[in-house]
Amino acid sequence: MPEGAAPPVERQLPTEEARDLFALVRELVQREIAPHAAAEEEAGHFPRELFTLLSESGLLGLAYDSEFGGGDQPYEVYLQVLEELAAARLTVGLGVSVHSLACHGLAGYGTKEQQSEHLPDMLGGGLLGAYCLSEPSSGSDAASLRTKAVRDGDDWVITGTKAWITHGGIADFYTVLARTGGEGAHGVTAFLVPGDAEGLTAAVPEKKMGMKGSPTAQLHFDGVRVPDARRVGDVGQGFAIALSALDSGRLGIAACAIGVAQAALDEAVAYATERKQFGRPIADFQGLRFMLADMATQIEAGRALYLAAARLRDAGRPFSKQAAMAKLLCTDTAMKVTTDAVQVLGGYGYTLDFPVERFMREAKVLQIVEGTNQIQRMVIARHLAGPDSR
Ligand SMILES: Cc1cc2nc3c(=O)[nH]c(=O)nc-3n(C[C@H](O)[C@H](O)[C@H](O)COP(=O)(O)OP(=O)(O)OC[C@H]3O[C@@H](n4cnc5c(N)ncnc54)[C@H](O)[C@@H]3O)c2cc1C
């Protein structure tokens, strides 16, 4: 452990193999990720070569079946790995989570032939994925998407625009939800589109508040032709596949949020024990001690909630409500804790000399992606009180 660094989070890991995995992850974080995070984020640099290394190290397919190159790890282990990666750099943690989301459709709903043809490269062969659901006019109301796929012989021809795509323009494959039938959720089908498909172009990436190293771009599909062999699941099953991916993906966002919050708390504690005012370390003052105590408590509560949801998933039990609750609580916690960390550092917290202002900017996006926190509340309420009767 580097001098002055906070002790690593004590992990609850179910096997010796998972403990070994953590040693590898922590070494990789210290060597390859943490030292470059601040400068590369400021410069807006996406570490593509790092993702190749993560893929080759088995960290891009951890929770998937080893039959197709995955790591066979329980979700509770995968999520704790994500937390460590996101604590070092959200662009990396979230990037791994989005890649995993992009693999979900094929791994869960693809045919054996499709899986053996594509999954080994996707899970451990160096490829990077992206997930394309949102559009300029459909975000929260995702079932109203307009991108069309029209059958032409053995092919489908895709036309439309996807928006806000993480890894847009640099991904090797895109899981794309497109309309093949009538209006609403039942008219949507999923496709696996190669990154170099003819007619597929990316706009200039969005200029964002945070996560500047992670490219987010619109994608234009101008008559992109894909063979029917790249259709994932049945015609009309796409929206169900998209939602199933999001249940798991939301747990990834929850884990990333706790990683960012933990990193902010560690900075705040280190600063508060060093910085002196009125002749004493500011950590002596009850006003700050209670703030630190609340931050730590909220982080532990969030971690316990995402792990409980992950263990339901690992046991094959329904976990959709708990995933929404974990996404909601953990991302609101990250926003609160990172804002408080800036406060603990006073004026220095507001400068680029310390990472807490970056953590605060990064936390904000986690309340928005993969269903805003208003949408999470709608999902939870639906589990409690049934569908909205309007
Ligand atoms: C950095 C970044 C990366 C992203 N990556 C991806 C990606 O890889 N793939 C992808 O498909 N999408 C991605 N997204 C898109 C993201 O999922 C959407 O931004 C999100 O779902 C919200 O959609 P919207 O932005 O259109 O907002 P809107 O849906 O227009 O919502 C605007 C506001 O209205 C609220 N609202 C909407 N409907 C309701 C309602 N019924 N009740 C109460 N409040 C409501 C929302 O909560 C929000 O506060 C990304 C977004 C960002 C910012």
Side-chain angles (χ1 to χ4, degrees), residues 63 74-76 79 97-98 100-101 104-105 107-109 131-147 162-164 175-190 232-258 298 301-336 365-390:
Y75 224 62
E76 67 164 308
L79 290 182
S97 184
V98 166
S100 194
L101 187 71
H104 184 95
Y109 300 84
Y131 174 85
C132 307
L133 177 63
S134 305
E135 298 186 359
S137 61
S138 64
S140 301
D141 182 15
S144 67
L145 64 84
R146 293 185 193 165
T147 294
K162 291 290 174 182
W164 304 110
T175 294
V176 178
L177 285 310
R179 187 158 304 283
T180 51
E183 283 183 12
H186 297 295
V188 175
T189 301
V232 179
D234 295 334
V235 173
Q237 199 186 11
F239 203 70
I241 295 174
L243 290 190
S244 148
L246 284 177
D247 277 343
S248 296
R250 282 168 184 165
L251 286 177
I253 301 297
C256 286
I258 292 303
Q298 289 156 9
R303 186 176 287 128
L305 188 57
Y306 88 60
L307 283 174
R311 287 173 188 140
L312 283 177
R313 186 188 187 278
D314 287 332
R317 308 231 325 253
F319 66 98
S320 176
K321 179 180 73 178
Q322 288 79 359
M325 288 173 163
K327 199 272 179 180
L328 172 63
L329 182 85
C330 294
T331 62
D332 281 357
T333 292
M335 196 67 249
K336 171 91 173 74
V365 81
L366 299 173
Q367 295 180 304
I368 297 170
V369 293
E370 298 198 23
T372 66
N373 284 4
Q374 283 78 18
I375 297 302
Q376 304 309 320
R377 289 182 173 91
M378 284 170 56
V379 172
I380 297 161
R382 207 176 294 136
H383 280 278
L384 298 175
D388 187 334
S389 60
R390 264 176 306 163

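We number each residue from 1, following the sequence as shown. Predicted model only: the values in this text are computed from it and were never measured.
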Q. Between CG of Leu251 and SG of Cys330, what distance do you get to the nearest 0.5 Å?
A. 8.5 Å
Q: Return the minimal non-hydrogen interatomic distance between Ala334 and Ala257, and the atom names on each side.
A: CB-O, 3.5 Å
Q. Of all heavy-atom pairs between Pro136 and Ala163, which one has the smallest distance, and what is that distance?
A. N-CB, 3.6 Å
Q. With a 4.5 Å limit on heavy-atom distance, are the side chains of Leu329 and Met325 in contact?
A. no
Q: Would you mind reporting whether Thr175 and Val232 have side-chain heavy atoms less than 4.5 Å apart?
A: no
Q: Considering non-hydrogen atoms only, spot the tightest contact between Gly233 and Ile241 and give its length.
A: CA-CD1, 4.1 Å
Q: Could you list all the salt bridge (Lys or Arg N to Asp or Glu O under 4.0 Å) pairs where at least one residue sits in residues 313-329, not counting sequence neighbours?
A: none
Q. Are the side chains of Tyr131 and Leu246 in touch, meaning some heavy atoms are under 4.5 Å apart?
A. yes
Q. By side chain to side chain contact (heavy atoms under 4.5 Å, CB included), which residues pair with Thr147, not counting sequence neighbours?
A. Glu135, Ile158, Lys162, Ala178
Q) CG/Asp234 to OG1/Thr180 distance, rounded to the nearest 0.5 angstrom? A) 10.5 Å
Q: Return the minimal non-hydrogen interatomic distance between Ala309 and Gln322, and the atom names on each side.
A: CB-CB, 3.7 Å
Q. Hey, what do you get for CE (Met335) to OG1 (Thr333), rounding to the nearest 0.5 Å?
A. 11.5 Å
**Q.** Distance in Å, Ile253 CD1 paired with Ser248 OG, rounded so as to fall on 0.5 Å steps
**A.** 12.0 Å
Q | Nearest atoms (heavy-atom pairs only) where Ala310 meets Leu79 | A | CB-CD1, 3.6 Å
Q. When rounded to the nearest 0.5 angstrom, what distance separates CZ in Arg179 from OG in Ser144?
A. 7.5 Å
Q: Indicate yes or no: at least one non-hydrogen side-chain atom of Ser138 is less than 4.5 angstrom from one of Arg146.
A: no
Q. Got Leu177 and Phe239 here, is their nearest side-chain heavy-atom distance under 4.5 Å?
A. no
Q | Shortest non-hydrogen contact from Gly302 toward Ile258 | A | CA-CD1, 3.9 Å
Q) Do the side chains of Leu101 and Glu370 get nearer than 4.5 Å, heavy atoms only? A) yes
**Q.** Interatomic distance, Asn373 atom CG to Leu366 atom CG [nearest 0.5 angstrom]
**A.** 9.0 Å
Q: Verify the neighbour count for atom NE2 of His383: are there more than 12 heavy atoms of other residues, nucleotides or ligands below 6.0 Å?
A: yes
Q) Under 4.5 Å between any side-chain heavy atoms of Gln374 and Ser140, yes or no? A) no
